[in-house]
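A short worksheet on the structure shown next.
Counting convention: from 1, in listed order, for ligands and their atoms alike.
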Amino acid sequence: MQILVVGAGVVGLAVAYTAARAGHHVTVAEATGGVGNGVSSRNSEVVHAGIYYPTGSLRARHSTHGRRMLYEFCAAHGVTCNKCGKLIVATGDAELAKVEALLAQGRKNGVEGLEMIGGNAARALEAELSCIGALSSPESGIVDSHGYMLALWGGLQDRGGMIAFETPVERMAFKDAQWHVRFGGRDAGAAAFDAVVNSAGLGAQALARGIEGYPADRIPRLVLAKGNYFGFAGGPVFSRLIYPTPVDGGLGVHVTIDLAGRMRFGPDVEWVEHESYTVDPRRADSFYERIRTYWPGLPAGSLLPDYCGIRPKLTGPGEPAADFMIAGPAVHGLPRLVCLFGIESPGLTSSLSLAEEVVGYLA
Ligand SMILES: Cc1cc2nc3c(=O)[nH]c(=O)nc-3n(C[C@H](O)[C@H](O)[C@H](O)COP(=O)(O)OP(=O)(O)OC[C@H]3O[C@@H](n4cnc5c(N)ncnc54)[C@H](O)[C@@H]3O)c2cc1C
């Protein structure tokens, strides 16, 4: 089939790569001038083990399976990753109960190697840590997400696929057994495809509204939850990912390390109405407060505003977290069309597994 994938983020690229490997002719249309310019370059680059999500949910299934696929892909394609492990820490009795519940959830999800360790054992691993217990997750890690996206792009090109940059998809309609697609941008025009995948991230709902005959009541609302990061002006103190217990809308302000060993903190949760990518330095106060619950030694004046990302959520503050939404023909009634909505965390980890399911829908 001639397949159009809309969006060259990590999920669109994984879908394009997987479809090309399955023998399809694949074109990716990307509104900006490069790969990974959306949500995919504004995240923690963490390979999630698959602990937090309700068993049987798409997020649980695709993060555990996707994580294994991602590590294998990295090994086979020379993409840098580091299975550095992660500690989810409890700083009081109420948190200990939450962390123990996460252990049970993670085990139910089939996550390997999880174990509870005491405060002393945690400090033996990470001397600066203050906690009464922690859940140790040896399968968690970090990945060079840009290296990963470049490898997917290379794999797509090797199989004859291509990316059309500065090519926003505006409208499409299914006629005479084909999708007729209108593009704007540099080379505005039209083309026909057998199948289309909408993996436009924050633009997925807007694109669905441009699809003739797509039932409006099947387009979920888009809720924007900004996540701000602060960099640490100092040498690394931790060698593992350190997470507090999760908060409403996110996993809590955690310590991530990049592949060069530098530490940063975030993301927090800031519900916003519009996309904006500035980090308000005043948010540092709440970061100091939260980080010092598990790292009392955080020096004053050491946090510097860094970058931020926006989670494309389907539910808002106080509401239960929504699952990923993979809308195929059974949802919208249109043939050979899959729309991906609400692909927030752990979308990077899940990308290859999500891609497998999406390509399966197109067959
Ligand atoms: C703060 C934050 C932290 C996160 N941390 C992690 C983490 O540690 N681990 C993890 O696994 N996941 C994490 N995630 C989630 C992960 O980053 C996303 O799930 C993933 O990047 C989504 O990729 P995507 O391809 O769906 O979207 P995007 O990367 O946003 O790609 C969509 C692309 O579509 C393009 N586009 C939009 N509309 C159109 C159109 N009409 N025509 C053509 N192109 C269009 C956009 O320009 C964009 O390039 C995090 C997310 C956030 C926000």
Side-chain angles (χ1 to χ4, degrees), residues 4-16 27-50 52-53 59 62-63 66-67 70 86 140-143 145-146 148-149 152 163-172 181-185 196-211 224-229 241 243 249-251 253-254 256 258 264 266-270 272 275 277 279 306-313 324-326 339-355 358:
L4 173 70
V5 176
V6 187
V10 73
V11 176
L13 290 169
V15 170
T27 305
V28 180
E30 165 55 45
T32 71
V35 299
N37 282 336
V39 184
S40 297
S41 52
R42 301 173 162 277
N43 58 48
S44 304
E45 297 192 299
V46 169
V47 183
H48 285 289
Y52 301 93
Y53 321 104
R59 295 213 286 171
H62 288 302
S63 58
R67 182 235 313 153
L70 181 54
K86 152 173 162 175
S140 306
I142 49 177
V143 61
S145 59
H146 269 274
Y148 169 47
M149 288 189 276
L152 289 170
I163 305 179
F165 291 110
E166 296 179 20
T167 305
V169 174
E170 292 174 344
R171 305 198 60 76
M172 60 181 106
V181 180
R182 287 211 69 80
F183 305 93
V196 178
V197 177
N198 167 4
S199 53
L202 291 161
Q205 278 85 342
L207 178 60
R209 284 192 288 275
I211 301 174
L224 307 180
K226 187 171 164 187
N228 300 283
Y229 291 85
L241 303 164
Y243 279 57
L251 298 181
V253 168
H254 45 260
T256 56
D258 65 19
R264 63 181 171 230
D268 61 357
V269 180
E270 181 186 358
V272 294
E275 277 185 56
Y277 293 98
V279 176
D306 204 334
Y307 63 100
C308 63
I310 298 190
R311 306 171 183 89
K313 284 185 177 285
F324 292 154
M325 184 173 174
I326 304 176
C339 292
L340 294 167
F341 298 112
I343 312 296
E344 51 143 332
S345 191
L348 164 64
T349 308
S350 306
S351 49
L352 285 167
S353 178
L354 274 170
V358 168

Item to check | Minimum-distance protein heavy atom relative to atom 31 (O) of ligand 1 | outcome: Gly9 CA, 3.3 Å
Next on the checklist: Give me the nearest non-hydrogen protein atom to atom 3 (C) of ligand 1 as residue plus atom name, then the distance to 0.1 Å.
Outcome noted: Tyr229 OH, 3.3 Å
Checklist entry - Relative to ligand 1, is Ala29 under 4.0 angstrom through side chain, backbone, both or neither, heavy atoms considered? => result backbone
Next on the checklist: Return the CD1 to CG distance between Ile310 and Asn228, rounded to the nearest 0.5 Å.
Outcome noted: 9.0 Å
Checklist entry - Can you tell me how far the CZ atom of Phe183 sits from the CD atom of Glu166, to the nearest 0.5 Å? => result 14.5 Å
Next on the checklist: With a heavy-atom distance limit of 4.0 Å, tell me whether Ile310 approaches ligand 1 through its side chain, its backbone, both, or neither.
Outcome noted: backbone
Item to check | Under 3.5 Å: N/O of Pro267 near N/O of ligand 1 | outcome: no
Next on the checklist: Distance alone, cut at 3.5 Å: any donor-acceptor contact between the side chains of Tyr229 and Thr256?
Outcome noted: no
Checklist entry - Are the side chain of Arg264 and the backbone of Ser44 linked by a donor-acceptor contact shorter than 3.5 Å? => result yes
Item to check | Polar proximity ligand 1 side, Ala31 side, N/O cut 3.5 Å exclusive | outcome: yes
Checklist outcome for this item: The closest protein heavy-atom partner of atom 2 (C) of ligand 1 is Arg42 O, 3.6 Å
Item to check | Contacting atoms of ligand 1, where contact means under 4.0 angstrom from a heavy atom of Thr32 | outcome: 47 (O)
Checklist entry - Do you know which two heavy atoms are closest between Cys308 and Val279, and how far apart they sit? => result CB-CG2, 3.9 Å
Next on the checklist: Polar contacts were defined as any N/O atom of the residue lying under 3.5 Å from an N/O atom of the ligand; does this apply to Thr349 and ligand 1?
Outcome noted: yes
Checklist entry - Taking all atoms of both residues into account, what is the closest heavy-atom pair of Glu45 and Leu348, and its distance? => result CA-CD2, 3.7 Å
Checklist outcome for this item: At under 4.0 Å between heavy atoms, what of Ser199 touches ligand 1? The answer is backbone
Next on the checklist: Only heavy atoms of Ile343, strictly under 4.0 Å: list the atoms of ligand 1 that pass.
Outcome noted: 18 (C), 19 (O), 22 (C)
Checklist outcome for this item: Taking only non-hydrogen atoms of Gly38 and a 4.0 Å limit, the atoms of ligand 1 in range are 29 (O), 30 (O), 49 (O)
Checklist outcome for this item: The protein heavy atom nearest to atom 49 (O) of ligand 1 is Glu30 OE1, 2.7 Å
Checklist outcome for this item: closest protein heavy atom to atom 27 (O) of ligand 1 is Gly201 CA, 3.7 Å
Checklist outcome for this item: Distance col, row Leu224:CG vs Arg311:CZ, nearest 0.5 angstrom, shows 11.5 Å
Next on the checklist: If I apply the N/O under 3.5 Å rule, does Glu344 come out as touching ligand 1?
Outcome noted: yes
Checklist entry - Parallel, tilted or perpendicular for Tyr243 and His254, by the 30°/60° rule? => result parallel
Checklist entry - Would one find an N or O of Ser40, backbone or side chain, under 3.5 Å from an N or O of ligand 1? => result yes
Checklist entry - Would you say Asn43 and ligand 1 have an N/O pair spaced under 3.5 Å apart? => result yes
Item to check | For Gly347, the ligand 1 atoms whose distance to one of its heavy atoms is below 4.0 Å | outcome: 11 (O), 12 (N), 15 (C), 19 (O)
Checklist entry - Is Phe341 touching ligand 1 with its side chain, its backbone, both, or neither, if touching means heavy atoms under 4.0 Å apart? => result neither
Checklist entry - So which heavy atom in the protein is nearest atom 38 (N) of ligand 1, and how far is it from that ligand atom? => result Ala200 CB, 3.5 Å
Next on the checklist: Evaluate Val46 for polar contact with ligand 1, using N/O atom pairs at a separation under 3.5 Å.
Outcome noted: yes
Checklist entry - Nearest to atom 10 (C) of ligand 1 by heavy atom, Leu348, Val181, Val143: which? => result Leu348
Item to check | ligand 1 atoms in contact with Thr167 (distance to a heavy atom under 4.0 Å) | outcome: 43 (C)
Next on the checklist: Test your reading of the structure: does Asn37 have an N or O sitting under 3.5 Å from an N or O of ligand 1?
Outcome noted: no
Checklist entry - What is the closest protein heavy atom to atom 25 (O) of ligand 1, and at what distance does it sit? => result Val11 N, 3.0 Å
Item to check | Contact atoms of ligand 1, heavy-atom distance to Pro346 under 4.0 Å | outcome: 10 (C), 11 (O), 12 (N)
Checklist outcome for this item: Note: ligand 1 atoms sitting under 4.0 Å from heavy atoms of Pro168 are 42 (N), 43 (C)
Checklist entry - Once you round to the nearest 0.5 Å, how far does CE of Met325 lie from SG of Cys339? => result 8.5 Å
Checklist entry - Which pair of non-hydrogen atoms, one from Val269 and one from Ala225, has the smallest distance, and what is that distance? => result CG1-CB, 4.3 Å
Checklist entry - Checking Tyr307 side chain against Tyr277 main chain: does a donor-acceptor pair fall under 3.5 Å? => result no
Checklist outcome for this item: So for Leu340 against ligand 1, with non-hydrogen atoms under 4.0 Å, the contacting part is neither
Next on the checklist: For a quick test of reading the model, state the closest non-hydrogen atom pair linking His146 to Ser41 and the distance between them.
Outcome noted: NE2-CB, 3.3 Å
Checklist entry - Which value, rounded to the nearest 0.5 Å, describes the distance between Ile343 atom CD1 and Lys313 atom NZ? => result 12.0 Å
Next on the checklist: Assess the residue pair Val39 and Glu344 against the criterion (side-chain contact (heavy atoms from CB on, under 4.5 Å)); give the C-alpha distance rounded to whole Å, side-chain angles, the decisive distance to 0.1 Å, and a yes or no.
Outcome noted: CA-CA 8 Å; Val39 184; Glu344 51 143 332; over 6 Å; no
Checklist entry - Which ligand 1 atoms does Val6 reach within 4.0 Å, using its non-hydrogen atoms? => result 40 (C), 42 (N), 43 (C), 44 (N)
Checklist outcome for this item: Val253 and Gly266 have their tightest heavy-atom pair at CG1-N, 3.9 Å
Checklist entry - OG of Ser145 to CG of Asp258: how many Å apart, nearest 0.5 Å? => result 11.0 Å
Checklist entry - How far is atom 41 (N) of ligand 1 from its nearest protein heavy atom, and which residue and atom name does that atom have? => result Val169 O, 3.1 Å
Checklist entry - Nearest heavy-atom pair of Ala8 and Leu13: which atoms, and what distance? => result O-CD1, 3.8 Å
